[in-house]
Amino acid sequence: MDWQVNCGLHLVIQTSSLPEKNKVEFKLHKETPSFPGRLLQHDLERNYSSRQGDHINLVSSSMPSFPILQRSSEEKILYSDRLTLERQKLTVCPIIDGEEHLRLLNFQHNFITRIQNISNLQRLIFLDLYDNQIEEISGLSTLRSLRVLLLGKNRIKKISNLENLKSLDVLDLHGNQISKIENVSHLCDLRVLNLARNLLSHVDNLNGLDSLTELNLRHNQITFVRDVDNLPCLQRLFLSFNNISTFESVCCLADSTSLSDITFDGNPIAQESWYKHTILQNMMQLRQLDMKRITEEERRMASVIAKKEEEKKRESQKQSLLKEKKRLTINNVARKWDLQQHRVTSIAANQDRKDSDSPSQDPCQVDGSTISAFPEETGSLDSALSNALQGLSVTDTHLVEVDGDTLSLYGSGALESLDRNWSVQTAGMVTTVSFTFIEFDEIVQVLPKLKIKFPNSLHLKFKETNLVMLQQFNALAQLRRIDQLTIDPQGNPVVSFTLWKYYVLFRLSHFSMQKINGTEVTQNDMIMAERLFGILAHVASSELPQYRLISILGDARKKQFRYLLETKGKKPGVVSEENNDSKRLVGENTNRATLNYTTRDFYNEKLEEIKEKKKFCKMYIEDLVKEATEINMKNEALQKLWPQMFIELVRDAVIEIRNKSSYMKLCLQQITDQK
Amino acid sequence: MATERAGTWLPEAGKLELGSCCGPRMLSPERLALTDYEYLAQRHVLTYMEDAVCQLLENKEDISQYGIARFFTEYFNSVCQGTHILFREFSFIQATPHNRASFLRAFWRCFRTVGKNGDLLTMKEYHCLLQLLCPDFPLELTQKAARIVLMDDAMDCLMSFSDFLFAFQIQFYYSEFLESVAAIYQDLLSGKNPNTVIVPTSSSGQHRQRPALGEASMLEGVEASLFYQCLENLCDRHKYSCPPPALVKEVLSNVQRLTFYGFLVALSKHHGINQALGALPDKGDLMHDPAMDEELERLLAQVPGLVNSVTASSEASCLPSRTPPRVGSPWRPLHHARKVDAESDGSTEETDESET
């Protein structure tokens, strides 16, 4: 029963009239668009056929294997052009003698394994071998006038030996084991081909079937369809219950101008949301889809949706291209970073040197591959996309991206973007700033800018930023506020330390941070942090001599104002301003402000400065000390001499006054002399 | 002014030398052999004077506001207290034995809590802690100290605070001495005696030793007595600080042979040397610092967002109960080493105490 529905083909041959060619053709033509309603008629015909079979006598022939068929002469007259051997339990084709004028032969529902003994029936037009056990198409080469060949429900694996059946009109091969369409290209008169319930995995080789109007391919395993656009007369194509999942795999259907009726039900494609409107949009000539009439409204809807879809696709393509571009840029930045970090192993040194020899070429190559990555997909959109690409702030050495509330910076060049004039809205919206592939020391230098440009940034993310020391976290203390800190272990060895979280909590305790690396900060964490590092802060603040305190806090301030100073030029007033600030800082941060971070370069610069000063001090002290020791030596010498000198003086005086009278005389003489 | 300063601060300089054990007093014969300048230089008085002037120069605007005399008072007071090295550059921190001892003490005081908490840290992490106090502290020194604890293998291993601290003390305080010792050790290993001035009696021993060296390479290390002779000689002429020769002798007298790192480990675990150095408390008292603990409790009470002090006290009370087992495991090997020490120490420990 099912096969009848599938093939949608029913033949009613009038027994009364002579089955002329025209007549048969007319019937076929008329009956082909038949559907459920025709079932009944078929049943009737079957009943009729089986009734007819009762009158047939099968006589075993002299040859042991083939029965010889003989009909009574009345029967011959009554059904001169037709013979029905339905349900006769035939295992072979009987030898049919004296029936050369037969035009219709029916072997339905037997057990025939091979088509034999009918080559003499050269006027045969209709041959029905439905429901037998035939494994190969054969024995038909002489039946040149055969127009209808029904081989449904057999065991045929291959379409073959149809070369001479040039006028074949209907070929029914449903319910076999055919896995490939082949050897049919010469059937230029074939109008109906039924290959339902076979093992086809795809559809092609359909060239030459110039008259084919109906092609039934239901219940196969078809994943793609080709060549259908080469069938000029094809009107009905049944692809129900196959394995078609994309429109691309059946896109040739869109090029067929004749196709008016198609079914896709039972395919994965029919489950897709875009199914209906995509089909309708691409196959304007269609009148029925899945046995439902297509209305104008549906068609209009389809075109609207399709337009939207197209736009969306274009957008997503643009997005994906941008994403790809972004990815490549990040890769490029990453490679540069790796080179910079000397992560390259000594083995690969040569290779890397080669790489670094041609850094200017690299971006070009990267660019090239960006575009070539989607040659088919981009297609005509290319020009539009390249325009869009220029609009994005992507260069090869760094990447700046604002995505919602996140500002992502890749590569040290990206830090320059902080100098840009960000709109108040954008700047206000950014609450997360992520740094990737940037030396932390470089980030430290722009933190004051960050504080000013993005006042609302609460969440900082660091990845591949060379955070190696706890003291580097000191630098973050200068920001206005941090709620969350995320330090990716990648490229930040500091995260491997057991103490780093506590140090962060301790040093940045004035921010009352909520999350570190995505983990909620608990009160116990805070206490632990204080327990571990509280003494450090205490020592740093209470035991540091005043002059050091001032100098350290002053440095911190100086660093912060450094970039302002660079632009403004040094003013004498700045110094006192710094001092005020530093004093305020002490109040703000209680005892932690002394723990600050100086970037390597700045520190080395400072050390250099100190060295200079030291040199001077050394000389100065040396001179002073030498002078002092010399004076000391003289003093000591004097101390040694002095008692003797005193004694000598006294002795002289004593000697002088030993003779009182003469001394008196001498004195008086001196007085008178003076006057 | 200069004379006055030199005169005023000389006694201070004398006090500063407490760190190095064999400090001759002001009018010892040695002092008379030197010129004043040489003496001042040798006693590092010049270093501090230079540094004071340098500091003054660096912050002259601020200091001139609150008085130069005040500045000098503060400066030399902080030198006496050992707080002058906080956050200073490495070149200054290692400039004098007093600075080194002050740094060791500062490190112990600031991070004792880390040790108390029982955390075992890697060399890199200890290095980070050191860098918190001295931003340009060289990694090399920390590595060397870690090598004493970890015996050359697996530098990524975790160390207990006390192990690291005592190893670091030896490495940092005696770093020049240890370099010379390493050279001597290498010479001894390769068979030549570095002490050219060695007494003739040992030359026969030296000859005897050479064929024995084949075994020695199997036995590992060098012969202790010979090593000591070399070291004694070194201590005599070494211008940097060395551990007291008597204690070195004691360390070496316990064993027949020893390796370089074996020697360093023994030095680092010797209380006598620790006491002579005077920067750190005894191993047993390493976690004790009641004044600071009190201060810490006060700080904990101020932790922002702390709702009630109950959590703080419960935390505090649960901490010690949790601490011993954690600290226990890293200490286990130490107990073993201590026992070995104890066998020999005995008497000398008392004399050490009477000395100080």
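Chain identifiers are assigned alphabetically (A, B, ...) following the order of the sequence lines, protein sequences preceding nucleic acid strands; residue numbering begins at 1 within each chain.
The most heavy-atom pairs under 4.5 Å with chain B, out of Asn604(A), Val539(A), Thr498(A), Val494(A), come from Thr498(A). Ranked by non-hydrogen atom pairs under 4.5 Å with chain B, the options Arg600(A), Lys613(A), Lys611(A) are led by Lys613(A). When His127(B), Arg70(B), His84(B), Gln55(B) are compared by the number of non-hydrogen pairs under 4.5 Å with chain A, Gln55(B) comes out ahead.
When the shell of 6.0 Å around CD of Glu294(B) is examined, it contains 12 or fewer heavy atoms from other residues, nucleotides or ligands. Atom CZ of Arg298(B) sits in a crowded spot, with more than 12 heavy atoms from other residues, nucleotides or ligands closer than 6.0 Å.
Only the side chain of Phe111(B) comes within contact range of chain A, judged by heavy atoms closer than 4.5 Å. Contacts between Asp136(B) and chain A at a heavy-atom distance below 4.5 Å involve backbone atoms as well as side-chain atoms. Glu622(A) touches chain B through backbone and side chain together, each having a heavy atom under 4.5 Å away. With a 4.5 Å cut-off on non-hydrogen atoms, Ile621(A) touches chain B through its side chain but not through its backbone. Contacts between Leu470(A) and chain B at a heavy-atom distance below 4.5 Å involve backbone atoms as well as side-chain atoms. Residue contact with chain A, scored on non-hydrogen atoms closer than 4.5 Å, involves the backbone and the side chain of Glu125(B) alike. Contact annotation for Leu133(B): only side-chain heavy atoms (C-beta onward) come within less than 4.5 Å of a heavy atom of chain A. Residue Tyr547(A) touches chain B through both its backbone and its side chain, counting heavy-atom pairs closer than 4.5 Å.
Applying side chain to side chain contact (heavy atoms under 4.5 Å, CB included) to Phe533(A) and the options Leu299(B), Leu129(B), Thr113(B) leaves one that passes, Leu129(B).
Here the OH-CG distance, from Tyr126(B) to Leu499(A), works out to 8.5 Å after rounding to the nearest 0.5 Å.
Not a single donor-acceptor pair under 3.5 Å links the side chain of Arg548(A) to the backbone N or O of Thr83(B). Between the Glu58(B) side chain and the Ile610(A) main chain, no donor and acceptor come within less than 3.5 Å of each other.
Nearest heavy atoms, Leu57(B) versus Phe616(A): CD1-CD2, 3.6 Å. Residues Met469(A) and Cys128(B) come closest through the heavy atom pair CA-SG, 3.3 Å.
Every residue two or more places apart in sequence or in another chain that forms a side-chain contact (heavy atoms from CB on, under 4.5 Å) with Pro281(B) is listed here: Trp108(B), Asp285(B), Leu286(B). Glu50(B) pairs by the side chain to side chain donor-acceptor pair (under 3.5 Å) definition with nothing, not counting sequence neighbours.
Taking the side chain as every heavy atom from C-beta outward, Ser91(B) and Lys614(A) approach each other to under 4.5 Å. Within the 4.5 Å cutoff, the side chain of Leu132(B) has no heavy atoms near those of the Leu595(A) side chain. Side-chain atoms of Leu296(B) and Arg531(A), non-hydrogen and from C-beta on, do get closer than 4.5 Å to each other.
Geometrically, Lys124(B) does not engage Phe497(A) in a cation-pi contact, judged by NZ or CZ lying under 6.0 Å from the ring centre and within 45° of the ring axis.
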ask   = Should Glu89(B) and Lys606(A) be marked as a side-chain contact (heavy atoms from CB on, under 4.5 Å) after you check the CA-CA gap, both sets of side-chain angles, and the distance that decides it?
value = CA-CA 10 Å; Glu89(B) 62 276 9; Lys606(A) 206 176 119 195; over 6 Å; no

